[in-house]
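For reference, the structure is listed below as structure tokens.
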There are 2 protein chains.
Amino acid sequence: MAASLLKHDVFQAIADPTRRQLLRLLGEQEMPVTAISGHFPMSRTAVSKHLRILADAGLVKPRKVGRETRYRLEPEPLLELKRWLSYYERFWENKMSALQRYVESDESDGA
Amino acid sequence: MAASLLKHDVFQAIADPTRRQLLRLLGEQEMPVTAISGHFPMSRTAVSKHLRILADAGLVKPRKVGRETRYRLEPEPLLELKRWLSYYERFWENKMSALQRYVESDESDGA
DNA sequence: ACTATATAACACCTTTTGGTTTCATGTCAA
DNA sequence: TTGACATGAAACCAAAAGGTGTTATATAGT
């Protein structure tokens with residue numbers, strides 16, 4: 001189902017603060033472009049282009065309702081980000097365990 | 001890229017695939033620039049500029065050892081990414097939310 | 001059918017990004 | 001000191017990103 005022919009990947013899509021705000025907004029509620037652009041200090045066309053990039057990354061999905069096109073959040077691509085991030089969990093887990101080992105060895109040394 | 005007065009944030013830093021590879025590499029092992037650039041199909045200077053961006057975001061840290069500058073991964077800033085991502089956990093944890101949004105928007109249609 | 005609205009598509013401009021080559025500086029080793 | 005090596009800095013360039021306004025098209029309401 002998930003097409004891998006995406007022009008923009010999720011990493012690049014969320015790099016822009018405006019697009020992160022868009023995701024936050026569309027997570028709250030499905031909205032058409034005109035209503036969305038009311039929340040941003042830029043033209044509707046600019047917002048539309050950001051939406052296009054998010055759509056290319058699979059992060060939002062349009063739905064036509066009459067003459068409107070409502071956009072909604074599609075959170076699934078964020079799982080790729082989550083998976084990427086999970087690789088680095090061990091680094092701050094290791095730091096934690098290193099501190100724990102230090103404290104524990106200090107205690108066991110005294111004994 | 002010439003003048004980067006603003007510090008790069010972690011979102012922008014990880015947007016580039018080369019920089020993600022750099023993080024992966026430096027997670028394995030602390031390395032100097034010349035050794036790093038052997039892993040990439042670009043000039044040493046280009047790698048150095050990517051390292052600069054990662055350093056601005058706090059994701060890598062240089063350590064001078066003689067005439068070398070060894071870079072190592074600094075995973076802490078990734079916690080900001082993890083925190084940002086955690087907001088969206090509810091969307092894939094609560095699969096009903098998509099249906100709820102659909103029903104709510106359908107009602108506002110007056111259909 | 002006509003008019004107003006929503007939005008996509010197009011053309012264009014400016015800034016940023018990712019890359020290059022060249023040069024300067026600093027460090028190790030004869 | 002001389003020379004080789006490691007790195008950063010500067011100048012430059014092509015391409016992409018981010019913005020603008022202006023159409024074009026389809027739909028809603030009258």
Side-chain angles (χ1 to χ4, degrees), chain A residues 5-23 25-26 29-72, chain B residues 1-26 29-57 59-72 105-106 108-111:
Chain A
L5 291 171
L6 302 174
K7 263 197 299 183
H8 294 94
D9 60 39
V10 63
F11 293 94
Q12 198 246 333
I14 66 163
D16 187 86
T18 299
R19 287 196 288 270
R20 290 199 296 276
Q21 288 179 36
L22 278 170
L23 290 181
L25 189 63
L26 296 176
Q29 187 185 357
E30 185 185 62
M31 290 175 76
V33 181
T34 305
I36 295 171
S37 57
H39 292 73
F40 294 89
M42 64 184 72
S43 70
R44 183 193 49 72
T45 310
V47 170
S48 198
K49 283 167 81 169
H50 281 299
L51 284 171
R52 175 61 179 272
I53 291 172
L54 290 172
D56 282 347
L59 282 166
V60 300
K61 220 169 175 185
R63 181 170 73 99
K64 293 217 66 171
V65 177
R67 57 180 165 181
E68 296 183 334
T69 303
R70 297 186 189 162
Y71 288 84
R72 68 171 187 276
Chain B
M1 172 178 293
S4 57
L5 300 174
L6 297 173
K7 294 210 84 178
H8 292 94
D9 62 46
V10 63
F11 292 95
Q12 198 232 337
I14 65 163
D16 186 87
T18 299
R19 289 196 286 270
R20 291 199 296 277
Q21 286 181 287
L22 278 169
L23 291 181
R24 197 53 89 93
L25 190 62
L26 296 175
Q29 185 185 358
E30 186 185 61
M31 291 176 76
V33 181
T34 305
I36 295 169
S37 57
H39 292 73
F40 294 89
M42 65 184 72
S43 70
R44 180 192 49 75
T45 310
V47 170
S48 197
K49 284 164 81 168
H50 282 300
L51 285 170
R52 173 62 181 272
I53 291 171
L54 289 172
D56 281 349
L59 283 166
V60 300
K61 223 171 176 183
R63 181 170 73 98
K64 294 217 63 171
V65 178
R67 57 181 164 181
E68 295 182 335
T69 303
R70 298 185 189 161
Y71 287 84
R72 69 170 186 277
S105 61
D106 206 328
S108 63
D109 264 353

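Excluded from the calculations below are hydrogen atoms, water molecules and symmetry mates; all remaining heavy atoms, backbone and side chain alike, are included. Below, chains carry the letters A, B, ... as their sequence lines are ordered, and counting in each starts from 1.
When the P atom of dT21(C) is taken as reference, atom NZ of K49(B) falls 12 Å away, rounded to whole Å. H50(B) places its NE2 atom 17 Å from the P atom of dT7(D), with the value rounded to the nearest Å. With rounding to whole Å, F40(A) atom CZ is found 14 Å from dG18(D) atom C1'. Distance CG (L51(B)) to C1' (dG19(C)): 15 Å, rounded to an integer number of Å. Rounding to whole angstrom units, CD of residue Q12(B) and P of dA16(D) are separated by 17 Å. Rounded to an integer number of Å, the gap from CG of D56(A) to C1' of dA17(D) is 14 Å. Note: CD (E30(A)) to P (dA6(C)) measures 16 Å, nearest angstrom. To the nearest angstrom, P of dT27(C) lies 13 Å from CD of E68(B).
Taking the side chain of R67(A) as heavy atoms from C-beta on, and the options dA28(D), dT7(D), dG18(D), the nearest nucleotide is dA28(D). For A46(A), whose side chain is taken as the heavy atoms from C-beta onward, the closest listed nucleotide among dG18(D), dG19(D), dA8(C) is dG19(D).
In this structure, the side chains of L22(A) and L59(A) stay at 4.5 Å or more apart for every pair of heavy atoms.
Projected onto DNA chain D by closest heavy-atom contact, S43(A) and P32(B) fall at different nucleotides, the more 5' of which corresponds to P32(B).
Electrostatic pairing of D56(A) and R52(A) counts as a salt bridge here, judged by a charged N lying under 4.0 Å from a carboxylate O.
Residue contacts for R70(B): at a heavy-atom cut-off of 4.0 Å it reaches no nucleic acid atom on any strand shown. Backbone-only contact: Y71(A) has heavy atoms under 4.0 Å from sugar-phosphate atoms and none from a base. Heavy atoms of R52(A) sit under 4.0 angstrom from primed sugar atoms or phosphate atoms, though from no base atom.
For S48(A), a side-chain nitrogen or oxygen approaches OP1 or OP2 of dA8(C) to under 4.0 Å. Proximity of R44(B) to the phosphate of dT21(C): no side-chain N or O atom is located under 4.0 Å from OP1 or OP2. At the phosphate of dG21(D), neither OP1 nor OP2 sits under 4.0 Å from any side-chain N or O atom of T45(A). For the pair T34(B) and dC5(D), the criterion of a side-chain N or O lying under 4.0 Å from OP1 or OP2 is not met.
The cationic atom of R63(B) (NZ for Lys, CZ for Arg) does not lie both less than 6.0 Å from the six-membered ring centre of Y71(B) and within 45° of the ring axis.
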field: T18(A) and M42(A): CA distance, side-chain angles, deciding distance, side chain to side chain contact (heavy atoms under 4.5 Å, CB included) verdict
entry: CA-CA 10 Å; T18(A) 299; M42(A) 64 184 72; 3.7 Å; yes
